[in-house]
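So you know, we letter chains A, B, ... as the sequences are listed, proteins then strands, and number each from 1.
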Amino acid sequence: MSGNIYDELKERGFIAQVSDETAVRKMLDGEPITFYVGFDSTASSLHAGSLVPIMAMVHLRRAGHRAIAVVGSGTTMVGDPSGKTEMRQMLDETTIRTQGQAILIQFAHYLHFDGTNAIAVDNADWLLPLNYVAFLRDIGRHFSVNRMLAAEAYKLRLEKGLSFIEFNYQLLQAYDYLTLYRKYGCTLQMGGDDQWGNILAGVDLIRRVEGGTAEALTFPLLTTASGAKMGKTAQGAVWLDAMLFSPYDFYQYWVNCDDRDVGRFLKIFTLLPLDEVSRLESLKDSEVNEAKRILAFEATKITHGEVEAENARKATAAAFGGKTVNPDPAKGQFGMGDITVLPTTAVPRARLEAGISPAELFTEVGLTPSRREAKRLVEQGGLYVNDERIDTVERLVTVKDLGPDGGMLLKAGKKKFHRVVAG
RNA sequence: GGGCAGGUUCCAGAGUGGCCAAAUGGGACGGGCUGUAAACCCGUUGCGGAAACGCUUCGGAGGUUCGAAUCCUUCCCUGCCCA
């Protein structure tokens, strides 16, 4: 694959648009270049959607190119209106900076920042000290309002309202690119496809100000086959931070993906070789579950490490039953799972002896959001203790439900599990 | 700054003094069928309560009324037109 990284990215589905395909292919397949990707600091953690650029960076880094990860504390203070229906809530500087730092720390899981081949910077460092009038004269004059207003990315906002602060966002991102071009010789910026306009603005700016050539590459904005945004669940984002979204849930997110998404996801979210991916992709019917398990394991391994991935795999095997007698790990089959690695809560023995109402217990361990909801689920037959359906809200959960291993398995619906032990 | 139209439950969007915890659609959730998939069918979808029933919600704060999402005052916010 060496010397052919551009085509590998393309084949894996990382490329939506490129400024000049021939030029970019030549750049990436030749001597090391410097590229950058920017990330918002709107939250203290990245989420599954950010994995697309992260994985692309990993691929390019492996191919020997120099990576710059830019945390956009400066730009986040302004807010990007591209493709958004409304203005984001304004965050204060301290919050944004703190979140930016958290993101950089998280980033170190994927790229080793040695300061030479992989660099982490925050654009607040050069954006915040800018002088307004000087900036308008040096940078602002290169931007055409007419052209900006015509951009597809602002169309929605021209109907619903666009504030001046947001209108400036593109200039700042373009200035970022110019800064990195000057300071590090950065000649490729990558980002989500919604960033196309912003990235091109930087390419233009570099040409106008420096007479230099720089390129743009965007990743497709992935949606699931059912049309949902990648990395979002009904409960919220699929965070990469284990504290916000457990490795077990992360693993589940991938196992639960739509059949139609498995191939695409394997190519983008794992580092498995393409021939292995095409083998997994060709699996039919229930066999695709094998591919999903591998996808889930590999993706979890990259973000949370092998130990956590293994635990999530075991917990899953326990919860969903190990039906395979002679497991073959090479096929994504594993033996009986280890139930103790499921999320567990200890409940005082005395309370279990007295008996706890299911509504109270399920809500306490977080399987249901409220007692009211738990009761509703009981009425609908959606709550189980040790795989036995609870058919009345008066059925108390007691010490008798504890199994030989000293624990019991609570289940809400078919997929949400929680273990309870006496403690 | 002036004129007009708006701010309703996760979203869209009805409701315009009691029949409103609030129509309808989407989403989500549960059950059935399955393969922890899709499609489809049925049901649920503010909180507390075993239940009876109670409590909190319709941009914020006050007020009128036996009773307000609905009327009044004021404030905040958004869009459109004019400047």
Note: for A:Gly382 and A:Asp285 on RNA chain B, the residue whose nearest nucleotide lies more 5' is A:Gly382
Could A:Glu215 and A:Arg25 be called an ion pair, given the rule that one side-chain N must be under 4.0 Å from one carboxylate O?
no
Please state the C1' separation for the pair B:rC75 and B:rC29 - nearest whole angstrom.
39 Å
Got a donor-acceptor contact below 3.5 angstrom from the A:Asp249 side chain to the A:Phe245 backbone?
no
Taking the ring of A:Phe14 and the ring of A:His59, is the distance between their centroids below 6.0 Å?
yes
Indicate, with a heavy-atom threshold strictly under 4.0 Å, whether A:Val262 touches base, sugar-phosphate, or nothing.
nothing
Closest to the side chain of A:Asn256, out of B:rU36, B:rA51, B:rA37, is B:rU36
Given B:rG54, is OP1 or OP2 found less than 4.0 Å from the side-chain N or O atoms of A:Arg372?
no
Whole angstroms only, please: what is the CG-P distance between A:Leu283 and B:rG35?
16 Å
Mind checking the P distance from B:rU65 to B:rG49? Whole angstroms is fine.
37 Å
B:rU36 pairs with, by Watson-Crick or G-U criteria that keep both distances under 3.5 Å
none
So, is A:Tyr384 near the phosphate of B:rG31, with a side-chain N or O under 4.0 Å from OP1 or OP2?
yes
Just call it for A:Arg395: base, sugar-phosphate, or nothing, with non-hydrogen atoms closer than 4.0 Å on any strand.
nothing
Would you indicate whether the side-chain heavy atoms of A:Phe135 and A:Leu171 approach each other to under 4.5 Å?
yes
Can you measure A:Arg293 atom CZ to B:rA37 atom P for me and round it to whole angstrom units?
13 Å
What's A:Glu287 touching, base or sugar-phosphate or nothing? Going by heavy atoms closer than 4.0 Å.
nothing
When the C1' atoms of B:rA21 and B:rU45 are considered, how many whole Å apart are they?
12 Å
Using purine N1 to pyrimidine N3 plus N6-O4 or O6-N4 for Watson-Crick, or N1-O2 and O6-N3 for G-U wobble, both under 3.5 Å, which nucleotide pairs with B:rG49?
none
A:Glu290 and A:Arg293 ion-paired at < 4.0 Å
no
B:rA37 phosphate, OP1 or OP2: any side-chain N/O from A:Lys292 under 4.0 angstrom?
no
Euclidean distance for C1', B:rC66 against B:rG1 (whole angstrom)
44 Å
May I ask you to decide whether A:Lys284 forms a salt bridge with A:Glu287, counting only side-chain N to carboxylate O separations under 4.0 Å?
no
Of the candidates B:rC29, B:rG35, B:rA50, the side chain of A:Val393 sits closest to B:rA50
Using a cut-off of strictly less than 4.0 Å, decide whether A:Ser370 has a side-chain nitrogen or oxygen near OP1 or OP2 of B:rG48.
yes
Would you say B:rC47 has OP1 or OP2 under 4.0 Å from some side-chain N or O of A:Arg376?
yes
Grab the NZ-P distance between A:Lys411 and B:rG30 for me, whole Å please.
11 Å
Pairing nucleotide - B:rC10, Watson-Crick or G-U, each distance under 3.5 Å
B:rG26
With rounding to the closest Å, how many angstrom separate the C1' atoms on B:rC77 and B:rG67?
30 Å
Mate of B:rC4 where both pairing distances stay under 3.5 Å, Watson-Crick or G-U
B:rG79
What about A:Gln380: does its side chain form a donor-acceptor pair under 3.5 Å with the base of B:rG43?
yes
Scan A:Phe417 against the nucleic acid and name what it touches under 4.0 Å (heavy atoms): base, sugar-phosphate only, or nothing.
nothing
Separation of the P atoms in B:rA52 and B:rA39, to the nearest angstrom
36 Å
Could you check whether the rings of A:Trp254 and A:Phe250 sit parallel, tilted or perpendicular, using 30° and 60° as the cut-offs?
perpendicular
Contact under 4.0 Å: A:Lys414 side-chain N or O vs B:rG30 OP1/OP2
no
Whole-Å distance separating the CG atom of A:Leu383 from the C1' atom of B:rG30:
10 Å
A:Asp387 CG to B:rU36 P: how many Å, rounded?
13 Å
For nucleotides B:rC20 and B:rG2, find the distance between their C1' atoms and express it as a whole number of Å.
38 Å
Are any of the side-chain nitrogens in A:Arg279 or A:Glu276 under 4.0 Å away from the carboxylate oxygens of its partner?
yes
Any idea which of B:rG48, B:rA38, B:rG35 is nearest the A:Val288 side chain?
B:rG35
Spacing of A:Asp258 atom CG relative to B:rU36 atom P, expressed in whole Å:
15 Å
How far, in whole Å, is B:rG48 from B:rU56 if one measures between their P atoms?
15 Å
Between A:Asp259 and A:Leu162, which is nearer to the 5' end of RNA chain B once each is assigned its nearest nucleotide?
A:Asp259
Whole angstrom value for the distance that separates C1' of B:rU9 from CD of A:Glu373:
15 Å
Has the side chain of A:Glu379 got a donor or acceptor atom sitting under 3.5 Å from an opposite partner on the base of B:rU44?
no
Quick one: is A:Lys415 getting a side-chain N or O under 4.0 Å of the B:rG31 phosphate, OP1 or OP2?
no
Paired nucleotide for B:rC71 [Watson-Crick or G-U wobble; both distances under 3.5 Å]:
B:rG63
When rounded to whole Å, the NZ to P distance for the pair A:Lys375 and B:rU44 reads 18 Å
